[in-house]
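Written out below as structure tokens is the structure these notes cover.
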Amino acid sequence: MSKSLFRRVARPSAIALIAATVTATTVLFGGAASAAPDSGNGSTPSVSDAARAKIAAMASKNRKAKGAKARLASDNLTFGDVTADGNPDLGAVDSTGRLWIYPGTGYVYPGTGPRSTRVFGVRIDLGRGWDQFTTIVKHGDWNNDGKPDILARNTAGALIFYEGTGTSAVFKPGKQVGRSWQSFKSIVGTGDFNSDGLDDLIAQKTNGDLLLYRGTGNGANPLAGSPATIGTSYRGDLLTAIGDITEDGRTELFYRDAADKMWVYPSRDGSSPIDHTSKVDFGDWSGVNQLAAVGNVYSDAGADPLYPDLLIQWQNTLEVFAFDTADAPYEEFFLGRGWDALYVF
């Protein structure tokens, strides 16, 4: 890549346990910024100039088609904002089964005050027992009350709905809303994928089929029972809906194929919402373990418009790919080490 800027910050292991009341003043990822690249234990995933140019061209075309300002997806800034404070958040389950929410700070660089040095604030402890879940879907307002919720799949295949509260307590007690979900390789919250005003979900079958489950807006039964097949032969992994980076008002999908090549798929209206004709080759991402869509956690001062970002956990590090920085279409920033033992979402 043509340029990288990494900011060295605190490791997760150095942070004391914080109670759910969030009374402590310790700030996660605080500390002096550093422009020195961190080499880590290997090569970070890279993206070719051709891929960068293709995404930038898509954004430019859509921006011109829609006027002076493109119609970015409405949830670009708050993709995964479970604390309902207007900033996107990161969720993580540690090796003891404890769930942590890392609230976003609205980081802007360069800037002054807390925003100049901190990407995430004081983490919130939601207790133990979360290691029973094989997948946690953070992005979605499944009961359509304006407060982000989560869906979690346990080892028995039950789908549990946790209603968001918009407070530091974050979620109400879970209730089962589905069964037999263990057959899916992955499940992904997409936001409003079919443009009906309700948040949806994509489920990936082991045979590579992708099923779109329409949101109902009903917390007792948040997903419609008759999914539509919207893709086949997706036998890879890391399927992730990031938000809108092409300025067409719709989310993009990241997906790593069986040969470890990462692809970005724009979405579109209609019965075939995954746009294969415009997919972008992001190259070999064989070293990546997890992806997490986190909305706009990092942006340059004066950036307009603001794009969503992607958190990448590779080896033991956590990095953010920011799509609204000076070196469009993205820059890469190092957040910390010790993340290989956590499940991030």
Side-chain angles (χ1 to χ4, degrees), residues 1-5 45-81 87-88 90 104 106-109 119 138-139 188-193 195 199-200 202 238-256 261-269 273-283 285 288 291-300 302-312 319-333:
M1 63 186 64
S2 59
K3 171 185 162 188
S4 289
L5 177 64
S46 61
V47 178
S48 68
D49 289 340
R52 292 168 176 264
K54 190 169 184 179
I55 287 182
M58 287 183 194
S60 177
K61 180 180 178 181
N62 289 325
R63 189 182 308 120
K64 290 177 181 177
K66 298 176 185 301
K69 274 196 174 181
R71 181 180 60 88
L72 290 176
S74 61
D75 56 3
N76 251 12
L77 302 187
T78 59
F79 206 91
D81 175 23
N87 294 316
L90 172 67
Y107 183 101
V108 176
Y109 176 82
V119 176
K138 183 178 60 174
H139 180 60
V188 179
T190 62
D192 182 15
F193 204 68
S195 302
D199 288 341
D200 309 308
I202 291 178
L238 298 183
L239 182 68
T240 305
I242 181 178
D244 181 14
I245 59 174
T246 63
E247 299 191 39
D248 63 353
R250 301 180 59 88
T251 189
E252 272 66 63
L253 298 175
F254 276 68
Y255 165 74
R256 184 171 65 182
K261 181 176 288 188
M262 182 63 69
W263 297 91
V264 178
Y265 290 89
S267 60
R268 59 192 178 190
D269 292 325
I274 301 176
D275 185 0
H276 292 83
T277 61
S278 300
K279 65 182 181 180
V280 182
D281 179 1
F282 260 40
W285 281 32
V288 175
L291 299 181
V294 287
N296 182 253
V297 296
Y298 183 105
S299 61
D300 279 355
D304 183 22
L306 297 177
Y307 295 109
D309 304 322
L310 185 70
L311 286 189
I312 298 176
E319 299 181 0
V320 57
F321 273 37
F323 286 83
D324 54 2
T325 59
D327 246 9
Y330 84 87
E331 276 296 322
E332 176 184 352
F333 303 90

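Since the structure is predicted, the reported quantities are computational estimates derived from the model, not experimental observations. Note that the numbering runs from 1 along the sequence shown for the chain. Only this structure's heavy atoms are used, side chains among them; waters, hydrogens and symmetry mates stay out.
For the atom pair L306 CG and D324 CG, the distance stands at 5.5 Å (nearest 0.5 Å). How far NE2 of H139 is from CG of D81: 10.5 Å, rounded to the nearest 0.5 Å. To the nearest 0.5 Å, atoms NZ (K261) and CG (D281) are separated by 4.0 Å. Atom OH in Y107 sits 9.5 Å away from atom CG in D300 (nearest 0.5 Å). Here the straight-line distance linking atom CD1 of I202 with atom OG1 of T240 works out to 10.5 Å at 0.5 Å rounding. A distance of 8.0 Å separates OG1 of T190 from CG of L253, quoted to the nearest 0.5 Å.
The shortest distance between side-chain heavy atoms of V320 and V119 does not fall below 4.5 Å. For the pair L291 and I312, the minimum side-chain heavy-atom distance is below 4.5 Å.
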For this session: Might you work through the side-chain contact (heavy atoms from CB on, under 4.5 Å) test for T251 and D244, ending with a clear yes or no?
Result: CA-CA 4 Å; T251 189; D244 181 14; 5.9 Å; no
For this session: Report the C-alpha separation of K138 and V294 in whole Å, then their side-chain angles, then the decisive distance to 0.1 Å, and conclude whether the side-chain contact (heavy atoms from CB on, under 4.5 Å) test is met.
Result: CA-CA 9 Å; K138 183 178 60 174; V294 287; 4.0 Å; yes
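When atom types are taken as modelled, the side chain of N62 and the backbone of T246 share a donor-acceptor pair closer than 3.5 angstrom.
When every heavy atom of R256 is checked against every heavy atom of V288, the shortest pair comes out as NH1-O, 2.8 Å. Minimum heavy-atom separation, N87 to G104: CB-O, 3.4 Å. Looking at every heavy atom in both residues, F323 comes nearest to P308 through CD1-O, 3.3 Å.
Remark: of the listed residues W285, Y298, Y307, W285 is the sole one forming a ring-ring contact (aromatic ring centres under 6.0 Å, His included) with F321.
Residues R250 and D269 are paired through a salt bridge, judged by an N-O separation under 4.0 Å between the basic side chain and the carboxylate.
For K279, the side chain to side chain contact (heavy atoms under 4.5 Å, CB included) partners at least two apart in sequence or on another chain are W263, Y265. Residues that satisfy the side chain to side chain contact (heavy atoms under 4.5 Å, CB included) test with P266, not counting sequence neighbours, are M58, E252, D275, S278. A search for ring-ring contact (aromatic ring centres under 6.0 Å, His included) contacts involving F254 returns F282, not counting sequence neighbours.
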